[in-house]
Amino acid sequence: MGSLPQSSDIALSVSPPPEKSPNPNQSPIDESALLNLFKSQQNHLNFFFHNLDLSQTLKFAVTLLNSTGTIFFSGVGKSGFVANKISQTLVSLGIRSAFLSPLDALHGDIGILNSGDVLVLFSKSGNTEELLRLVPCARAKGACLIAVTSVEGNVLAGVCDMNVHLPLERELCPFDLAPVTSTAIQMVFGDTVAIALMGARNLTKEEYATNHPAGRIGKSLIFKVKDVMKKQNELPVCKKEDLIMDQLVELTSKGCGCLLVIDEEHHLIGTFTDGDLRRTLKASGEAIFKLTVGQMCNRNPRTIDPEAMAVDAMKKMEAPPSPVQFLPVINQQAMLIGIITLHGLVSAGL
């Protein structure tokens, strides 16, 4: 039996995809047309802001604030995506919330609902069949039902405990069909109420950060200089009497772009950077072989405390008159204990 051909023996012929012919009915988008669309959307949003019933909105916000259970959000299609996003916003603020799929709820997931919970149903028309089927089941579980709709006199508003009307002039879509303005006002409404709850609960920046430990928000509010600094054997240290040329390995091997000049008690005397090396070599020529680090170092460098926030270290590096790439870290006894670099801050996600 003959051997199978190896993959390298087989020449694969891949034809490029056929070029897509332009739609003969397609028109170019110009800047003027785009600007007009943005202006129209702005006008539609302004209609919402000018006509929103604040008494309804306040009642809605207070109900969520006083809820002793979980605040569930539900919706179908684009409204479902918005409902899910608003729920996640509340979760990020430390408020117990979840998205409940109306379809899955009717197939077992409604078991998560309890008396004391709130179920917020987003629907532009208020006639969404899946939500109307969910209402009696959720009511049987003892949940408070709130409809958030945009069409007057809809069925969903009439069967819920509360309705919030989101005024909608029309969709930006030329056919007034694609839900692009209705979903925008749903998002604005939900997220604005979420921030109202945030303020009422007196959430602090530190509490908010604990809910975002892996993101830049959390890191900027949690990480201190001591958490991201290099220390001990990672420090490019030398003494003031050391010759510059004898410290080139130390200058280049620690990845800090500098030397930290210290005395016998580990107090910082100054810094000597790779930029200082280039300038000294240009100015001194062969005399650099006899110069010590202490003679050419910067004796008034910017420094920072280990307890300072890491984000403040970045601001200090970028401050005038000229930005720097590192900061020596000095403790309360004025001793050098570390170095924080711009590269290290960026690598940490800051």
Side-chain angles (χ1 to χ4, degrees), residues 41 44-45 47-49 51-53 56-57 59-61 63-64 67 69-91 95-194:
Q41 183 76 310
H44 298 331
L45 293 176
F47 177 88
F48 162 74
F49 292 127
N51 293 281
L52 179 66
D53 187 334
Q56 284 186 351
T57 305
K59 185 178 179 182
F60 173 76
T63 300
L64 299 193
S67 172
T70 301
I71 302 170
F72 289 94
F73 289 82
S74 190
V76 175
K78 309 299 186 298
S79 294
F81 290 122
V82 174
N84 193 4
K85 191 275 175 188
I86 295 169
S87 173
Q88 292 304 309
T89 298
L90 293 186
V91 170
I95 299 172
R96 203 165 48 201
S97 181
F99 175 75
L100 182 64
S101 163
L103 179 61
D104 293 337
L106 295 174
H107 290 274
D109 283 6
I110 200 169
I112 199 171
L113 272 179
N114 291 294
S115 176
D117 291 341
V118 175
L119 177 58
V120 182
L121 305 169
F122 275 86
S123 172
K124 171 188 171 181
S125 68
N127 296 315
T128 307
E129 181 182 349
E130 294 88 344
L131 296 182
L132 292 172
R133 290 172 58 196
L134 177 60
V135 167
C137 306
R139 189 177 297 285
K141 298 286 291 185
C144 173
L145 303 178
I146 303 176
V148 181
T149 61
S150 290
V151 175
E152 297 279 8
N154 65 80
V155 178
L156 189 62
V159 297
C160 288
D161 301 302
M162 182 190 308
N163 177 63
V164 180
H165 177 70
L166 304 185
L168 174 65
E169 185 176 33
R170 60 160 291 140
E171 300 287 1
L172 183 63
C173 165
F175 309 122
D176 195 19
L177 293 175
V180 291
T181 304
S182 56
T183 50
I185 64 176
Q186 287 175 346
M187 189 77 78
V188 168
F189 170 80
D191 280 346
T192 302
V193 170

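You'll find the side chain of Leu156 stays beyond 4.5 Å of the side chain of Asn127, heavy atoms only. Within the 4.5 Å cutoff, no side-chain heavy atoms of Ser123 are placed close to those of Val148. Counting heavy atoms from C-beta on, the side chains of Thr149 and Asn163 come closer than 4.5 Å.
Remark: the backbone N or O of Ala98 is paired with a side-chain donor or acceptor of Ser87 at under 3.5 angstrom. A side-chain donor-acceptor contact under 3.5 Å links Arg170 to the backbone of Cys173. Panel note: side chain Glu171, backbone Thr181; a donor-acceptor pair is recorded below 3.5 Å. A donor-acceptor pair under 3.5 Å links the side-chain atoms of Thr63 to the main chain of Lys59, judged by distance alone. Ser79 places no side-chain N or O within 3.5 Å of a backbone atom of Gly75 that could act as its donor or acceptor partner. With Ser97 contributing its side chain and Val91 its backbone, the two residues share no donor-acceptor pair below 3.5 Å. A donor-acceptor contact shorter than 3.5 Å is absent between the side chain of Asn51 and the backbone of Phe49.
The salt bridge (Lys or Arg N to Asp or Glu O under 4.0 Å) contacts involving residues 136-148 comprise Arg139-Asp161, where partners must be two or more places apart or lie in separate chains.
The number of heavy-atom neighbours closer than 6.0 Å to CG of Leu106, taken from other residues, nucleotides and ligands shown, is above 12.
Here the closest non-hydrogen pair linking Asp191 and Lys85 is OD2-NZ, 2.6 Å.
Aromatic rings of Phe48 and Phe189 (six-membered ring for Trp) have centroids beyond the 6.0 Å cut-off, not under it.
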